[in-house]
Structure formats: structure tokens, C-alpha cells
Amino acid sequence: MNKVIAIDGPAGSGKGTLAKAIAKKFNLVNIDTGATYRCVALKVLKEKISLEDTNKIIDISKTINIDLKEDGTVYLDGEDVTKEIRNKDVTKIVSPISSIVEVRENLVNIQRKIAEGKDVVMEGRDITTVVFPNAKYKFYLDASLEERAKRRYKENQEKGIDMSYEEVYENIKA
């Protein structure tokens with residue numbers, strides 16, 4: 001098996017920042033698994049599927065084509081959606097979509113496939129317990145709700161994502 005460093009924790013806990021630093025220092029591929037859930041959410045929005053229609057959402061998670069490039073670019077069905085998956089509408093629905101058990105199972109398979117044959121640092125939720133439970137290096141990060149909201153709000157501002165602190169806070173809280 002290739003080298004896998006697994007970083008787990010809730011939104012805004014610092015997983016992405018740490019993963020990027022480790023990837024750079026040790027020349028590893030950085031895989032942000034949250035992007036895979038955001039791709040499903042974006043496709044749900046594009047296809048105007050109701051959040052109540054879990055069967056259609058599960059079908060999307062089975063057939064979706066996601067490619068995460070080494071430079072951080074995210075492709076959904078061949079289209080660069082790196083910025084689009086971080087918008088407010090996607091952010092609002094990604095949590096309920098990621099809570100669908102079958103979606104999580106399908107995306108775990110995609111995440112493992114993306115990492116296949118590479119030395120990676122993979123960050124997201126369930127990475128250390130479900131995606132790569134046998135990873136040699138496993139870390140869990142956390143921070144207070146307020147700190148996580150502050151970090152995500154600042155990150156959104158830097159990326160030009162228009163969300164108030166209150167929206168970010170409530171999103172992370174949910």
C-alpha cells in the first residue's frame with residue numbers, strides 16, 4: 001500500500017490547512033474529501049433534485065464522475081468546479097446530503113479510488129475510521145465552534161464567497 005496520512009475532524013478544525021502543509025513538505029498528493037460531497041451537492045442543485053428525493057441523490061453518488069487533481073482543481077463530469085463547489089447554495093445543502101448513509105458509502109469508494117497508487121494526505125470526516133482505518137499515520141483535529149466558524153468565515157472572505165459570519169456559524173453548528 002502506498003503512504004497514506006489520514007486527517008479527520010469537523011469543518012473548520014484545520015484539516016485542510018494541515019493537509020496542505022504536510023503535502024507540500026513531504027511531496028504528497030493532498031485529497032480534500034469534502035470536495036467529493038460538495039460535487040454531489042452541486043450536481044443535485046444543477047439537476048434541481050429535491051433533498052427529500054434521497055433515491056435520486058444516492059443514484060448521483062453512484063454514477064458521479066469526480067476527479068481531484070494534484071493542484072487542487074476539482075472536476076465534476078469533466079468540468080472545473082473548484083470555485084463553484086464552495087458557493088453558498090452548495091454549502092447550505094452539503095451537510096444533509098453527506099448524512100445519507102448510502103451516499104457516504106458510495107463516496108468512500110470514490111475517495112479510495114482517487115488515492116489508489118499514490119502517496120497521499122487525505123483529509124475529511126471519517127478518514128481515519130472508515131476510508132483508511134489502517135493508515136499508519138492518523139490525526140484527529142478539533143476546535144471550538146466559534147473558532148471553526150471564524151476560520152471558515154475568513155477563508156470564505158479570502159475566496160470571495162459571500163456568506164455572513166452568522167450564516168457560516170449556523171452552517172457549521174448544523
Side-chain angles (χ1 to χ4, degrees), residues 4 6-20 23 29-70 72-116 120-133 135 140-142 148-149 151-153 155-156 159 161 163 167-174:
V4 175
I7 304 174
D8 215 323
S13 61
K15 299 181 304 292
T17 302
L18 181 61
K20 286 175 191 143
V29 176
N30 179 18
I31 300 174
D32 169 13
T33 61
T36 62
Y37 291 97
R38 288 177 171 278
C39 283
V40 173
L42 180 59
K43 191 157 184 165
V44 164
L45 288 171
K46 286 184 172 194
E47 295 188 8
K48 298 179 178 21
I49 296 169
S50 165
L51 287 180
E52 284 74 42
D53 196 345
T54 54
N55 288 330
K56 282 189 180 174
I57 296 170
I58 292 166
D59 286 343
I60 283 174
S61 72
K62 286 180 187 172
T63 60
I64 197 165
N65 180 5
I66 301 169
D67 192 11
L68 306 178
K69 298 294 185 186
E70 291 182 26
T73 308
V74 180
Y75 288 90
L76 169 60
D77 298 330
E79 177 187 348
D80 180 352
V81 294
T82 309
K83 290 185 179 167
E84 203 174 353
I85 62 169
R86 303 289 173 187
N87 75 35
K88 187 188 304 191
D89 294 332
V90 169
T91 298
K92 284 182 180 176
I93 68 165
V94 73
S95 187
I97 287 172
S98 68
S99 69
I100 302 169
V101 173
E102 295 88 343
V103 169
R104 294 191 79 75
E105 290 169 352
N106 293 331
L107 290 186
V108 164
N109 293 329
I110 290 171
Q111 294 159 3
R112 286 180 179 148
K113 187 175 180 187
I114 291 169
E116 211 168 74
V120 301
V121 56
M122 185 175 278
E123 55 104 347
R125 296 188 201 137
D126 301 335
I127 303 307
T128 62
T129 56
V130 177
V131 182
F132 285 112
Y140 183 85
L141 301 179
D142 204 354
R148 293 185 295 128
R151 290 174 182 172
R152 185 54 49 91
Y153 176 70
E155 178 185 29
N156 285 353
K159 291 180 178 179
I161 299 169
M163 282 183 83
E167 287 175 298
V168 172
Y169 180 90
E170 288 303 320
N171 230 325
I172 289 178
K173 185 177 173 185

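Values in this document were obtained by computation on a predicted structure and should not be read as measured data.
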Looking at R151 and S13, would you say the former's side chain and the latter's main chain have a donor-acceptor pair under 3.5 Å?
yes

Sub-4.5 Å side-chain heavy-atom contact between I172 and P10
no

Over 12 non-hydrogen atoms of neighbours within 6.0 angstrom of NZ in K88
yes

Within this structure, what is the CE-NZ distance for the pair M163 and K92, rounded to the nearest 0.5 Å?
7.0 Å

Expected output: side-chain T33 to main-chain E123 donor-acceptor under 3.5 Å
yes

Mind listing the closest non-hydrogen atom pair of G9 and K15 along with its distance?
O-NZ, 3.0 Å

To the nearest 0.5 Å, what is the distance between OH (Y37) and OG (S95)?
11.0 Å

With a 4.5 Å heavy-atom cut-off, do T129 and D126 have their side chains touching?
yes

Minimum-distance pair of heavy atoms, taken over all atoms of L68 and D32
CD1-O, 3.8 Å

Should E155 and R152 count as an ion pair when the cut-off is N to O under 4.0 Å?
yes

Gap separating the CD1 atom of I110 from the CD1 atom of I64, nearest 0.5 angstrom:
6.5 Å

Where is the tightest heavy-atom contact between A149 and V168, given as atom of each residue plus distance?
O-CG1, 3.5 Å

State, yes or no, whether a side-chain contact exists between V130 and E105 at a heavy-atom distance under 4.5 Å.
no

For T82 and G72, work out which heavy atoms get closest and say how close.
CG2-O, 3.8 Å

Of the non-hydrogen atoms in V121 and A19, which two are nearest, and what is the gap between them?
CG1-O, 3.4 Å

To the nearest 0.5 Å, what is the distance between CZ on R125 and CD1 on I7?
14.5 Å

For K43, run the side-chain hydrogen bond (donor to acceptor under 3.5 Å, both in side chains) check against N65, T63, D77 and tell me which one passes.
D77

Over all atoms of both residues, closest heavy-atom pair of A41 and I97:
CA-CD1, 3.5 Å

Kindly indicate whether the side chain of E84, heavy atoms from C-beta on, has any atom under 4.5 Å from the side chain of E79.
yes

Interatomic spacing from CG in N171 to OH in Y153 - rounded to 0.5 Å:
14.5 Å

If we count only N and O atoms by modelled type, under 3.5 Å, do the side chains of R104 and S99 hold a donor and an acceptor together?
no

Any side-chain heavy-atom pair from R38 and T91 closer than 4.5 angstrom?
yes

Atom pair CD (E102) and CG (D59), whose distance is rounded to the nearest 0.5 Å:
10.5 Å

Would you say L51 and I93 make side-chain contact, with heavy atoms under 4.5 Å?
yes

